[in-house]
Visitor: 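Below is a structure I'd like to ask you about.
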Protein chains: 2
Amino acid sequence: MTTIAVIGGTGKEGKGLALRWANAGYEIIIGSRDAERAVMAAHELNATLGNTNVSGLDNAAAARTAEIVVLSVPYEAHAATLDMIADGTQGKILIDVTAPLDPENKKRALHVPEGSAAQAAQVKLGPSVRVVAAFQNISYTHLTDLHEDLGCDVLVCGNDKEAKKQVIELAKAAGMAAFDAGPIENAMVAEGLTAVLININIAFKIKNTGIRVTGVPRD
Amino acid sequence: MTTIAVIGGTGKEGKGLALRWANAGYEIIIGSRDAERAVMAAHELNATLGNTNVSGLDNAAAARTAEIVVLSVPYEAHAATLDMIADGTQGKILIDVTAPLDPENKKRALHVPEGSAAQAAQVKLGPSVRVVAAFQNISYTHLTDLHEDLGCDVLVCGNDKEAKKQVIELAKAAGMAAFDAGPIENAMVAEGLTAVLININIAFKIKNTGIRVTGVPRD
């Protein structure tokens, strides 16, 4: 089965995604700046699932070892982390989960110079990497409870149709419906929705709002 | 009752919104570059509803006469139309419905220099106008069928809380649930969702996809 590195996999969102994919049978490598913390998070996930298919490495080694690389870090760490994994991701799919928020006000989507975090990743990693933006809006508490209906669709943006198909399959394996949401220029929408949902969460004093596409046929 | 000008109200989306608000009892002024076309569209709506609360004027006069101004034009006409209504909107709420799409590919959200159409409107109209971004994602065929459940929530972005409250009330009056989606920097999300939904419409060969916020209490 495909090996997936989750860079930033010791964070809440990354760990939640890793848990879902490990549970679906994928080989998971948690990546962290600190290999020891990655190994600890991997042990934790294996213990939760009663499995042995999660391991931990430092970010560069995790990216080098995996077939698909998922990047789940705060935007503040985005550029520096991309530098660490640039070699390891050449020729691969990079799924960018990053949602740029204004550091002074998390209710405000940050307009980044490249247009979106995913576009910034594409610029930094170069044309051999197929960058796909996805999974920014999924509540990590929902991810963590494996029995929970996630209640949120995944918008998948990128310029490589085949890569988007693979990401849509990964979403399905993790219990989510996902939609091809267009080219990488649309990534700002999926990324910015995170800020929109933070506004609604705060207004209603809840944690787990999401979005659903309406009017489409469902399985 | 409040008088609402719908600038670009001879277009599909604008006319659909005008119909819904006229049906809810608001005084509606259809605005068009051509006053005659505006009057014709107003007659059509009055005939549909059996009412007399819709009238037509040229864009500048429509904006000047109304208390709230709604701007529903293609992005290509956005700047020129703002010039026409700049005087008439001073001190008022402007609801910007514009969704910038790449003219060469409507599946691609256009990244505009100001960040979003709504922010561009704010720059052009000046600080006395309370710009609110909303209603970009509502299928006009749904608007036109008054008995139809719209199946789409409205994301309301802007920097004036009181203005956003009024827009949320207008959405309710038109049969839609609306949410305060944060400051005007988040308008790019609501605007760009139009391009995202166009992708999904085309993939499924349907016309009326929308989005719903999940996990929130509903009336």
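Naming: A, B, ... by sequence-line order, numbering from 1 per chain. Atom set for the values below is all heavy atoms of this structure, side chains included, hydrogens, waters and symmetry mates excluded. Since the structure is predicted, the reported quantities are computational estimates derived from the model, not experimental observations.
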Visitor: What residues of residues 194-204 of chain B sit under 4.5 Å from chain A when you count only heavy atoms?
Guide: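 At a heavy-atom separation under 4.5 Å, chain A is reached by B:A195, B:V196, B:N199, B:I200, B:F204.
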
Visitor: Among residues 1-26 of chain A, which residues come closer than 4.5 Å to chain B, judged by heavy atom distances?
Guide: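 At a heavy-atom separation under 4.5 Å, chain B is reached by no residue of residues 1-26 of chain A.
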
Visitor: For the pair B:Q122 (side chain) and B:G126 (backbone), establish whether a donor and an acceptor sit closer than 3.5 Å, ignoring hydrogens and angles.
Guide: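 Pair found, side chain donor or acceptor close to backbone of B:G126.
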
Visitor: Just by distance, do the side chain of A:E169 and the backbone of A:A173 share a donor-acceptor pair under 3.5 Å?
Guide: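 Not a single qualifying donor-acceptor pair exists.
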
Visitor: Using every non-hydrogen atom in the two residues, find where B:A133 and B:E191 come nearest and quote the distance to one decimal.
Guide: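 Smallest interatomic distance, heavy atoms only, reads CB-OE2, 4.5 Å.
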
Visitor: If you define the side chain from C-beta out and look only at heavy atoms, does anything of B:L49 sit under 4.5 Å from B:L146?
Guide: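 In contact.
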
Visitor: Heavy atoms only, distances under 4.5 angstrom: which of B:V189, B:L155, B:D180, B:L110 has the most pairs with chain A? Name it, please.
Guide: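 Answer, by heavy-atom pair count under 4.5 Å with chain A: B:V189.
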
Visitor: Is any side-chain heavy atom of B:D96 less than 4.5 Å from a side-chain heavy atom of B:V132?
Guide: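 In short, these two side chains do not touch, never coming nearer than 4.5 Å.
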
Visitor: For the interface with chain B, which of A:I184, A:N186, A:D153, A:T209 has the highest count of heavy-atom pairs at distances below 4.5 Å?
Guide: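 Among A:I184, A:N186, A:D153, A:T209, the one with the most close pairs to chain B is A:N186.
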
Visitor: Would the distance check show the side chain of A:Q119 and the main-chain N or O of A:A187 forming a donor-acceptor pair, the cut-off being under 3.5 Å?
Guide: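 It does not hold such a pair.
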
Visitor: May I ask you to list the residues in residues 72-92 of chain B that approach chain A closer than 4.5 angstrom, counting heavy atoms only, ordered by number?
Guide: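 So far as heavy atoms go, nothing in residues 72-92 of chain B approaches chain A to under 4.5 Å.
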
Visitor: Heavy-atom distance under 4.5 Å between the side chains of A:P100 and A:V112, does that happen here?
Guide: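 Yes, at least one pair of side-chain atoms sits under 4.5 Å.
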
Visitor: Just so I understand: if I count every heavy-atom pair under 4.5 Å between each of A:G210, A:A190, A:S116, A:A109 and chain B, which residue has the most?
Guide: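 Greatest number of close heavy-atom pairs with chain B: A:G210.
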
Visitor: Under 4.5 Å from any heavy atom of chain B, what part of A:I206 do you find: side chain, backbone, both or neither?
Guide: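 Side chain only.
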
Visitor: Between the side chain of A:N51 and the main-chain N/O of A:N53, is any donor-acceptor distance below 3.5 Å?
Guide: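 No; zero donor-acceptor contacts below 3.5 Å.
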
Visitor: Of the listed residues (B:A181, B:C152, B:G192), which shares the most heavy-atom pairs with chain A below a 4.5 Å separation?
Guide: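 Greatest number of close heavy-atom pairs with chain A: B:A181.
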
Visitor: Heavy-atom distances under 4.5 Å only: say whether B:I211 touches chain A with side chain, backbone, both or neither.
Guide: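 Contact with chain A involves both backbone and side-chain atoms of B:I211.
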
Visitor: So does B:E104 have more than 12 non-hydrogen atoms from other groups sitting under 6.0 Å from CD?
Guide: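 For B:E104, atom CD is not crowded (no more than 12 foreign heavy atoms under 6.0 Å).
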
Visitor: For A:P183 and B:K107, work out which heavy atoms get closest and say how close.
Guide: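 Of all heavy-atom pairs spanning A:P183 and B:K107, the closest is CD-O, 3.5 Å.
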
Visitor: If I compare all heavy atoms of A:R212 with all of A:G151, which pair ends up nearest, and what's the gap?
Guide: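 Between these two residues, the closest heavy atoms are NH2-CA, 3.7 Å.
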
Visitor: Evaluate the side-chain proximity of A:R130 to A:E162: yes if any heavy-atom separation is below 4.5 Å, no if none is.
Guide: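 Counting from C-beta outward, A:E162 and A:R130 do come under 4.5 Å.
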
Visitor: Check salt bridge (charged side-chain N to carboxylate O under 4.0 Å, His left out) between B:D102 and all other residues, then give those that pass, not counting sequence neighbours.
Guide: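 By the salt bridge (charged side-chain N to carboxylate O under 4.0 Å, His left out) rule, B:D102 matches B:R108.
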
Visitor: Can you check side chain to side chain contact (heavy atoms under 4.5 Å, CB included) on B:R33 and B:N59, steps first, answer last?
Guide: CA-CA 6 Å; B:R33 270 175 307 176; B:N59 284 331; 3.9 Å; yes

Visitor: With a 4.5 Å cut-off on side-chain heavy atoms, are B:I95 and B:F135 touching?
Guide: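 Of all side-chain heavy-atom pairs linking B:I95 with B:F135, at least one is under 4.5 Å.
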
Visitor: State, with a plain yes or no, whether a side-chain heavy atom of B:V131 is found less than 4.5 Å away from one of B:K124.
Guide: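 Heavy-atom side-chain distance check fails, nothing below 4.5 Å.
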
